[in-house]
Chemist: 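First the structure, which I've put down as structure tokens, then a few questions once you've had a look.
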Amino acid sequence: MKYQGQRGTEDVLPTQSHLWQYVESRFRAHASSYGYLELRTPTFEDYDLFVRSSGESSEAVSKQMYDFRDKGDRHIALKPEGTAPAMRSLIQHNLCPQGTVARLSYITNCFRYERPQKGRLRELHQFGLEIVGSGSPLADAEIIEASARFYQSLGVPSVVVLLNCLGNDECRSRYRTALLDFAMPLLNEMGEEAIEKAKKNPLRLLDSKDPQMIEGLKEAPVILDFLDDPSREHFERLKDTLTFLGIEFRVAPEIVRGLDYYTGAVFEIQSEHLGSQSALCGGGRYDNLIKELGGPDLPSVGVGMGVERLLIVMEQLGLWPEAPKPDLFVAFAGSEHERAALGLAATARNSGLTAIIDPDAKSLKSQLRQADRLGVRFVAIIGDDEAAASMVTLRNLSDSSQELMSEGALLERVKG
RNA sequence: GCGGAUGUAGCUCAGGGGUUAGAGCGCCUGACUGUGGCUCAGGAGGCCGUGGGUUCAAGACCCAUCUUCCGCCCCA
């Protein structure tokens, strides 16, 4: 094979495209039921946008970005996530005028130069929601509720939200110091590299999978104890609201998001069906991002949901919808009836049915076999007998009954 | 970026130096000359991931490379 798809990319094959169409249309309907309007941003942006938004310490920026110089020597990056481009667009087009709340949704592909694994691709797809202009805990709750309910509405059982609060800059930096101090003895045992990494982003220690680290940090200080009063109150009201809304959650201090722009409540929904890439979606509050990108001082909350991971989970739970089947197969016996068959197929399509015809005009037997394989329920048969009577035979493949009737009656019958 | 597996027919996989590379499922044709599924018979389909090497002889052994999968890392 001479050419292969690029590493970490996937073709959505004809046998699977209906699954993508299904979850996309469900997401669009769900988002719009909360009043979110779709925003489509370009595939590539200024490299600097992502460095400014996500922070240099996040791997998504420092190591995984697909970036290049274009012919005009601009430093370009393929978007690694959806929020920064959405906020760039929001600022540029003033999508959230003072005193208003903007609700944006997106469906986009993202690019990260990673080592591929199941549920971890170099080109991945995300659904996203962003609510801009409200600092209320009700906004946090709306995003979290919408995320959890989306999975529920698709039939994914026992959706539990893992919730944490990172607080504002001040309490976070006090916490970082405290955590680093606590972990130092352990880090000294683990070597120079571990120390460097921990210094860069101490919070990352918390979602380590190293058993030694997990054990060692059992008694570590918890960020919730470092929150100032406003942050604490915000978090309490968020939890109350989620409880009222009937959204199941668990406070999980180990949840720290990878992107640096998060400032307040953060959350993740995981699934045991995903192996080590366990996060189905993740998000949180990012009150400083828009300002840092040169826009107005607008508080925001958002979520990004992995589409490939959703499909993996749905497959394992048997939640994949069946592929749609064509309504009618128009078979003809003898090439002299080709025109009549073409005409019937066209009429059927005009009345909203999907109709298939065999271009190779193989034997009637073969045409019926094709129809059976395609899962079609009805086959219209046109041959000498039908032509003589100006009628068509309609065969129902599910009960093997068949009947001679007019075209009009046939269409009515197939439409059911 | 690190470690471990993996690649043979459309699909799932067997074959681990020696004729012409196999099975099941799927596909095509026929038995049934205008009727699918079931049965039976026949048939098509392979650069054995790619490139190099060892050998009288390589699908098999060696080297390189690519893919996919798993663990780490990271995250959606």
Side-chain angles (χ1 to χ4, degrees), chain A residues 1-10 13 15 54 57-64 79-83 107-128 147 151 193-194 197 201 204 207-211 213 255-259 262 266-271 274-283 302-313 329 331-334 337 358 360 362-387 393-402 404:
Chain A
M1 205 177 319
K2 191 158 185 189
Y3 296 109
Q4 286 188 338
Q6 287 298 297
R7 177 166 212 209
T9 65
E10 269 178 358
L13 302 178
T15 48
S54 303
S57 68
S58 79
E59 289 219 357
V61 165
S62 58
K63 299 193 143 179
Q64 302 177 345
K79 55 180 161 183
E81 54 105 23
T83 299
I107 296 179
T108 187
N109 44 358
C110 299
F111 304 85
R112 297 181 192 176
Y113 194 87
E114 299 195 79
R115 182 125 174 198
Q117 237 175 84
K118 197 181 204 73
R120 190 172 75 180
L121 298 169
R122 290 185 171 180
E123 181 180 18
L124 58 120
H125 295 77
Q126 287 193 355
F127 297 153
S147 306
Y151 295 116
E193 203 182 326
K197 227 172 111 187
N201 193 343
R204 203 56 61 63
D207 58 6
S208 166
K209 279 168 191 160
D210 180 354
M213 185 61 77
I255 296 296
V256 291
R257 312 266 61 246
L259 304 169
Y262 290 107
V266 292
F267 72 99
E268 203 167 282
I269 294 174
Q270 300 188 348
S271 169
L274 284 172
S276 61
Q277 316 303 319
S278 59
L280 256 182
C281 74
V303 62
M305 314 159 103
V307 181
E308 284 85 358
R309 291 184 185 182
L310 171 61
L311 289 172
I312 290 169
V313 169
F329 192 104
F332 55 103
H337 304 297
D358 174 21
D360 294 321
K362 294 203 199 104
S363 67
L364 188 60
K365 181 188 188 63
S366 165
Q367 293 182 65
L368 277 153
R369 194 161 43 222
Q370 292 173 55
D372 185 54
R373 231 186 15 248
L374 290 167
V376 187
R377 185 141 84 106
F378 291 106
V379 179
I381 301 170
I382 301 176
D384 293 342
D385 300 348
E386 288 79 6
T393 295
L394 180 64
R395 182 173 177 84
N396 181 336
L397 292 193
S398 52
D399 64 9
S400 298
S401 66
Q402 67 182 45
L404 196 64

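Computed from a predicted structure; not experimentally measured. Below, chains carry the letters A, B, ... as their sequence lines are ordered, and counting in each starts from 1.
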Chemist: Check the pair V379(A) / L394(A) against side chain to side chain contact (heavy atoms under 4.5 Å, CB included), numbers first and verdict last.
Modeler: CA-CA 6 Å; V379(A) 179; L394(A) 180 64; over 6 Å; no

Chemist: May I ask which nucleotide in the shown strands pairs with G30(B), Watson-Crick or G-U wobble, both distances under 3.5 Å?
Modeler: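 Its partner is C40(B).
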
Chemist: Check whether any side-chain heavy atom of T108(A) lies under 4.5 Å from a side-chain heavy atom of F127(A), and answer yes or no.
Modeler: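 When only atoms from C-beta onward are counted, F127(A) and T108(A) do not touch, as no gap falls below 4.5 Å.
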
Chemist: Please determine, for G45(B), whether a Watson-Crick or G-U wobble partner exists with both distances under 3.5 Å, and give it or none.
Modeler: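 Its partner: none found.
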
Chemist: If you find the nucleotide of RNA chain B closest to E386(A) and the one closest to G304(A), which residue's nucleotide is nearer the 5' end?
Modeler: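 On the 5' side of the pair lies E386(A).
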
Chemist: Could you check if the base of G24(B) is syn or anti? Syn means the glycosidic torsion is within 90 degrees of 0.
Modeler: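 For G24(B), whose glycosidic angle is more than 90° from 0, the conformation is anti.
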
Chemist: Please tell me if R373(A) has a side-chain N or O lying less than 4.0 Å from either OP1 or OP2 of G10(B).
Modeler: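 Checking R373(A) against G10(B): no side-chain N or O falls below 4.0 Å of OP1 or OP2.
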
Chemist: NA contact type, Q402(A), heavy-atom cut-off 4.0 Å: base, sugar-phosphate, or nothing?
Modeler: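 Contact class for Q402(A): base.
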
Chemist: Measure across L280(A) and V313(A) and return the closest heavy-atom pair with its distance rounded to 0.1 Å.
Modeler: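 Minimum heavy-atom separation between L280(A) and V313(A): CD2-CG2, 4.1 Å.
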
Chemist: Suppose we define a pair by two distances each less than 3.5 Å, Watson-Crick or G-U wobble; what does A57(B) pair with here?
Modeler: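 Pair assignment: A57(B) / none.
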
Chemist: Go nucleotide by nucleotide along RNA chain B from the 5' end; which of D384(A) and C281(A) gets its closest nucleotide reached first?
Modeler: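 Closer to the 5' end of RNA chain B: D384(A).
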
Chemist: Across the strands shown, which category fits R369(A) at heavy-atom distances under 4.0 angstrom: base, sugar-phosphate, nothing?
Modeler: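 Here R369(A) touches the backbone only, sparing every base.
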
Chemist: Base, sugar-phosphate alone, or nothing: which one does L310(A) contact when heavy atoms must sit under 4.0 Å apart?
Modeler: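 The residue L310(A) makes no contact with any strand.
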
Chemist: Which residues satisfy the salt bridge (charged side-chain N to carboxylate O under 4.0 Å, His left out) test with E268(A), sequence neighbours excluded?
Modeler: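 Checked E268(A) against salt bridge (charged side-chain N to carboxylate O under 4.0 Å, His left out); matches are R257(A).
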
Chemist: Go through it in stages, so that I can follow the logic: the residues are Q370(A) and F329(A), the test is side chain to side chain contact (heavy atoms under 4.5 Å, CB included), and I'd like the CA-CA distance, side-chain angles, deciding distance and then a yes or no.
Modeler: CA-CA 9 Å; Q370(A) 292 173 55; F329(A) 192 104; 4.0 Å; yes

Chemist: Does the protein touch nucleotides 66-73 of chain B at the base, only the backbone, or not at all? Give it as B, S and - per nucleotide, heavy atoms under 4.0 Å.
Modeler: SSSSBBBB

Chemist: With both distances kept under 3.5 Å, what pairs with G1(B), Watson-Crick or G-U wobble?
Modeler: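 The answer is C72(B), by the H-bond criterion.
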
Chemist: Show me the donor-acceptor pairs within less than 3.5 Å that the side chains of residues 117-124 of chain A make with the rest of the protein, sequence neighbours left out.
Modeler:
unit_1  : atom_1 : unit_2  : atom_2 : d
Q117(A) : OE1    : S276(A) : OG     : 3.4
Q117(A) : OE1    : Q277(A) : NE2    : 3.1
R120(A) : NE     : R115(A) : O      : 2.8
R120(A) : NH2    : R115(A) : O      : 2.5
R122(A) : NE     : E114(A) : O      : 2.6
R122(A) : NH2    : E114(A) : O      : 3.1
E123(A) : OE2    : N109(A) : ND2    : 2.9

Chemist: Report the base-pairing partner of G51(B) (Watson-Crick or G-U wobble, both distances below 3.5 angstrom), or none.
Modeler: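 Pairing partner: C63(B).
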
Chemist: What is the base-pairing partner of A21(B), counting Watson-Crick and G-U wobble geometry with both distances under 3.5 Å?
Modeler: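 Here A21(B) is not engaged in any pair, so there is no nucleotide opposite it.
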
